Engineer: 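One structure is given below, represented as structure tokens, and several questions about it will come after.
Quick caveat: nothing in here was measured; it's all calculated off a predicted structure.
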Amino acid sequence: MKRATMVQPSSTFVNINKKNLWVSLAIAVLSLCFVPINVSAAVRRHPPQQHHLSRKPSPKLRFGRNGEFKILQVADMHYADGKTTPCEDVLPSQVDGCSDLNTTAFIHRMIEAEKPNFIIFTGDNIYGFDSKDSAKSMDAAFAPAIAARIPWAAVLGNHDQEGTLSREGVMKHIVGLNHTLSQFNPSELHVIDGFGNYNLEVGGVEGSDFVNKSILNLYFLDSGDYSTVPAIPGYGWIKPSQQLWFQRTSAKLRRAYMSPPNAQKSSAPGLVYFHIPLPEVASFDSTNFTGVRQEDIGSASVNSGFFTTLVEAGDVKAVFTGHDHVNDFCGQLTGIQLCYGGGFGYHAYGKAGWPRRARVVVASLEKTEEGGWGTVKSIKTWKRLDDKHLTAIDGEVLWSKKHTGTRRKKHINGSPA
């Protein structure tokens, strides 16, 4: 989260050509100069034995018998102390009685309307500055997902640790909550920057040929809070140690997907979730995205090269972030959709009269020649507004086996067809 700086979208279409790519690569190489600082600092801050927690075996995520897997993204709740925490940036008629409980009610409405298979909270889940007790704030923030017994996961934003718990403490608390699939960090690694770097596999439909194969891969990363390098101002970024973990995990999943039984010819599609948007998001304008841009892009002031890493991996179809509350668009760059969730929480800054919103993503399976469920054929998305009708807007196809980035007609009072 950051305080919004309202801007008018640029009218210049940004072309991605060879010159741009060479510039991006040069920036990525320069950013590696910070590797010794960051990695050595990580070793000092986080001894190997502190880098993962023991967990009970988690239930396997898998596609439903309708051939779909639906994800609800909740971005920037900024939860604090419940009923006593006022709303920010709402209409005068909404001020009286408006609090964190409006955020809670919105989650309940979304769960009832969409019945997601999985919920992902993409950071700034609590607003530490205004929270008297970070643990209690998190318990209340995640309570609707827990009460619904829906599997859920979370990553950290830049405000979660500003209360009574450290960043490490916040992630440890999240990992211990009911029905979460969140992980502290990869158990196989002793040193990695941040807290909450992990992946989850989504298996095929029970009884199908792909029941024991991950056909949709979910990656979660800690994009940090603020720069720890004195010469670099602003927000944090995804560090080389995290990128190396992502590369190795992606390669491992690709090998498994392309191996017997039911060996496939290419990688299973992947979706990536973290809080702070990548610098490349600034390349979009109103001519090449779906949604709205109403504030500056709050990315790090340096480019760590993670977008290039994602492109090289070849499996990632979309990235989902939060942080900039009144931006809610998706745009495609070099075959990857870069999407905002849109501001969800009522104690977060927003824009009066512009409803809070949530993003829904649905992956759908194709039918096999035998009539059973096969692998993923398409990934679609839409948003719902917290208005009287939970209006669904901006439906689009993010990826399909036949084509990508198809803009869909907007639908009212229901999800896109």
Engineer: Will you find, in the side chains of Ser400 and Ser378, an N or O donor that is under 3.5 Å from an N or O acceptor?
Structural biologist: no
Engineer: Would you please say whether a donor-acceptor pair under 3.5 Å links the side chains of Gln161 and Ser166?
Structural biologist: no
Engineer: Listed by chain and number, what are the side-chain hydrogen bond (donor to acceptor under 3.5 Å, both in side chains) partners of Glu366, not counting sequence neighbours?
Structural biologist: Thr375, Lys401
Engineer: Between Tyr226 and Asn158, do the side chains contain an N or O donor and an N or O acceptor separated by less than 3.5 Å?
Structural biologist: yes
Engineer: Who pairs with Asp96 by side-chain hydrogen bond (donor to acceptor under 3.5 Å, both in side chains), at least two apart in sequence or on another chain?
Structural biologist: none
Engineer: Between Arg293 and Asp328, does any NZ, NE, NH1 or NH2 come within less than 4.0 Å of an OD or OE carboxylate oxygen?
Structural biologist: no
Engineer: Salt bridge or not between Arg384 and Glu114? Use side-chain N to carboxylate O under 4.0 Å.
Structural biologist: yes
Engineer: Any side-chain donor-acceptor pair under 3.5 Å between Glu68 and Asn117?
Structural biologist: no
Engineer: Would you check if the side chain of Thr164 reaches a backbone N or O of Asp133 as a donor-acceptor pair within less than 3.5 Å?
Structural biologist: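 Side chain of Thr164 to backbone of Asp133: no pair is present.
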Engineer: A side-chain contact here means heavy atoms from C-beta on lying under 4.5 Å apart; do Asn125 and Tyr79 qualify?
Structural biologist: no
Engineer: My understanding is that only residues two or more places apart in sequence, or in another chain, count here; which of them pass salt bridge (charged side-chain N to carboxylate O under 4.0 Å, His left out) with Glu206?
Structural biologist: Arg62
Engineer: In chain order, what residues pass the ring pair (Phe, Tyr, Trp, His ring centres under 6.0 Å) check against Tyr198, with sequence neighbours excluded?
Structural biologist: Phe220
Engineer: Does a salt bridge link Asp89 with Lys351, judged by any charged N lying under 4.0 Å from a carboxylate O?
Structural biologist: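 Judged by the 4.0 Å cut-off on N to carboxylate O distance, Asp89 and Lys351 do not form a salt bridge.
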Engineer: Check Gln242, His275, Arg167, Lys239 against Asp222 for a side-chain hydrogen bond (donor to acceptor under 3.5 Å, both in side chains) and give me the one that passes.
Structural biologist: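 For Asp222, the side-chain hydrogen bond (donor to acceptor under 3.5 Å, both in side chains) check succeeds only for Arg167.
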Engineer: Using only heavy-atom distances, determine whether the side chains of Trp245 and Ser241 contain a donor-acceptor pair under 3.5 Å.
Structural biologist: no
Engineer: Would you kindly say whether Tyr340 and Asp324 are connected by a side-chain donor-acceptor distance under 3.5 Å?
Structural biologist: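 Side-chain D/A pair, Tyr340 to Asp324: present.
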Engineer: Rounded at 0.5 Å granularity, tell me how far CG in Asp386 sits from CZ in Phe344.
Structural biologist: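 These two atoms lie 7.0 Å from each other.
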Engineer: Do Thr85 and Asp81 have side-chain atoms, one donor and one acceptor, less than 3.5 Å apart?
Structural biologist: no
Engineer: Listing request: all side chain to side chain donor-acceptor pair (under 3.5 Å) pairs with a residue in residues 209-221, at least two apart in sequence or in separate chains.
Structural biologist: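 Checked against side chain to side chain donor-acceptor pair (under 3.5 Å) - neighbours excluded - the pairs reaching residues 209-221 are Ser214-Asn217, Tyr219-Asp315.
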Engineer: For atom NZ of Lys115, is the number of surrounding heavy atoms from other residues, nucleotides or ligands below 6.0 Å larger than 12?
Structural biologist: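 Above 12, so yes.
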Engineer: If you take the centroid of each ring, where Trp contributes its six-membered ring, are Phe284 and Phe289 closer together than 6.0 Å?
Structural biologist: no
Engineer: Would you please name every residue forming a salt bridge (charged side-chain N to carboxylate O under 4.0 Å, His left out) with Asp100, sequence neighbours left out?
Structural biologist: none
Engineer: Any donor-acceptor pair under 3.5 Å linking the side-chain atoms of Asp124 with those of His323?
Structural biologist: no
